[in-house]
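Chain identifiers are assigned alphabetically (A, B, ...) following the order of the sequence lines, protein sequences preceding nucleic acid strands; residue numbering begins at 1 within each chain.
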Number of protein chains: 2
Amino acid sequence: MLDLPAASLVARGLPPEFQAQPPIARPPFSPRRLIAPGALIYTEGAERSSILRLKDGCVVLTQSLDGKRRQILDVIGPGRLFGLAHGKTNHCSAEACTYSEIEAVDPQRERLNVEDALLHSLKRAQKHATLLGRKTTMEKIAAAIADLALQFGRPGFVGSRRAETFHLYLTRSDLGDWLGLTIETVSRYLNQLKRGGIIDFSDPQIVSILDADKLAALAGGGAVDGTLCIA
Amino acid sequence: MLDLPAASLVARGLPPEFQAQPPIARPPFSPRRLIAPGALIYTEGAERSSILRLKDGCVVLTQSLDGKRRQILDVIGPGRLFGLAHGKTNHCSAEACTYSEIEAVDPQRERLNVEDALLHSLKRAQKHATLLGRKTTMEKIAAAIADLALQFGRPGFVGSRRAETFHLYLTRSDLGDWLGLTIETVSRYLNQLKRGGIIDFSDPQIVSILDADKLAALAGGGAVDGTLCIA
DNA sequence: CGCTAACTTGATAAGCTTCAAGTTCCGTGG
DNA sequence: CCACGGAACTTGAAGCTTATCAAGTTAGCG
């Protein structure tokens, strides 16, 4: 991971090395770019960007409805490719949730990787649709946490107990836009899981999983795994 | 189109030429197959099928949750490819909604078509997620009708007035599973559109669009078009 | 030390689901 | 030929879940 400031400091400040970054791409195939939290990487409807690989950080893909309503289509963690689109324009916007590092991918050289990423994205999109259309609120929340733990988790401790922990780069509002819920509902259910001893967070952005089995059970059916998508 | 029986007869009977069809694929790359309504073309979790082209009819892709809840991921009309999956197994099941004709696609020979279909599927899946997560019930219903009209519509008449008409191969239950609603809600909103003079149906499976502009307006924002996906 | 942004929590209300009939349209069998 | 039965659809009433509205809290930052 990048050398990030302590968890609670990550929120919205812009250290000097990020302030100078222009929000939108410079000449194509600039090999690597650092992106500040909240910055747009590309924009829905604009001329299609190149295919990108997230080296580090967290990026969300979004679509917006009348400027007010927003849907997060996917949350992307380190290693994944994004920016795959059909026609001449992007289907969605891409936005960094934290300090992120991306690099352009050469579709010729990495044809297999691109194909793979495309199929993986489709699979995740399908799981996401099932979540949005047919899962209960608790299932949605649990599945989201399980998915983020897989993408961003690392071993950690709560007191002396081992518990997988991850940095929740998304705000409650982002989670709502991902799961088709409101801020308030997200907050209520997260705290319900916390009271139930299934997850823990003192800082609202640092989440630990205390009972992965129960979490998976709550995330509900569909496939073997309760997450949005594993394989 | 195939030579179908009159609209209202299409429902569930099995004419002789379909009764003999085994529901699941015979040896790979059998060039063409006829499928009866309700028949499974391939099954979620089973060994991956070949890539298929729908020559005629209507196919839905579904995922199921605990056997009770079902999500329809996409509704596929003539010309489109489906059966694109990631690992060794299918992500979803494919089911015919009416008498349908499919053929296997050779991914070598049709590489560009397959790539295109893949990107198109992803784009539709993303639009679908935005619909499920952030659109109102009326917007969902209107967008679904507009999408089906594009895929299945042809010029028709209501009385002496020209009105695009399409055969609704989906039941109310299917529509609910597509849009994340119940049968009853789908029925109520369809009838509301009918009372409002925006659509018409006397047979519940034959739908005419009386006011395409109002329908598009009701289908709500997102892109220029109100449908799930055009381009 | 107050300001703002994110988060939490409570009360109310709206919208959808659930439950329950009832209708229509076919196909079947007496 | 008509009565019966099933499947899809429609419609109404009641109940729940979640959205909305409204404070109130916490934590950085100027």
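Atom CD1 of B:I183 is separated from atom P of C:dT17 by 11 Å (rounded to the nearest Å). Straight-line distance from the NZ atom of A:K68 to the P atom of D:dA19: 15 Å, rounded to whole Å. To the nearest angstrom, P of C:dG15 lies 19 Å from NZ of B:K135. Residue A:D203 contributes atom CG, which lies 9 Å from atom C1' of D:dA27 at whole-angstrom precision. Nucleotide D:dC9 holds its P atom 8 Å from the CG atom of B:L175, rounded to whole Å. Rounded to an integer number of Å, the gap from CG of A:L132 to C1' of C:dC16 is 17 Å. As rounded to whole Å, 16 Å separates atom C1' of C:dC16 from atom CD of B:E139. Between the CZ atom of B:F201 and the P atom of C:dT24 there is a distance of 15 Å, rounded to whole Å.
Distances were taken from every side-chain heavy atom of B:T185 (C-beta onward) to each of D:dC9, C:dT9, C:dT17; the shortest belongs to C:dT17. For A:P204, counting side-chain heavy atoms from C-beta on, the closest listed nucleotide (D:dT11, C:dC7, D:dC9) is C:dC7.
Residue A:G176 is out of contact with every strand shown, counting any heavy-atom pair closer than 4.0 Å. Residue-level contact check: B:T137 touches the backbone only, with heavy atoms under 4.0 Å from sugar-phosphate atoms and none from bases.
In this structure, A:A149 and A:F166 approach most closely via the heavy-atom pair CA-CD2, 3.7 Å.
Taking only distance into account, the side chain of B:E184 meets the base of C:dC19 through a donor-acceptor pair shorter than 3.5 Å. Residue A:R188 places a side-chain atom within donor-acceptor reach of the base of D:dT20, judged by atom type and a 3.5 Å distance cut-off alone.
Regarding contacts with the backbone of C:dC16, every side-chain N or O of B:T182 stays at 4.0 angstrom or more from both OP1 and OP2. Note on B:T171: every side-chain N or O is 4.0 Å or more away from OP1 and OP2 of D:dA8.
Along DNA chain C, the nucleotide nearest B:G180 and the nucleotide nearest A:S173 are compared for position; the residue whose nucleotide lies closer to the 5' end is A:S173.
More than 12 heavy atoms of other shown residues, nucleotides or ligands fall within 6.0 angstrom of atom NZ in A:K194.
Cation-pi geometry between B:R124 and B:F82 is not satisfied (NZ or CZ under 6.0 Å from the ring centre, within 45° of the ring normal).
Using cut-offs of 30° and 60° on the angle between ring planes, the pair A:W178 and A:H128 is tilted.
Side-chain atoms of B:Y42 come within 3.5 Å of backbone atoms of B:G83 as a donor-acceptor pair (strictly under, hydrogens ignored).
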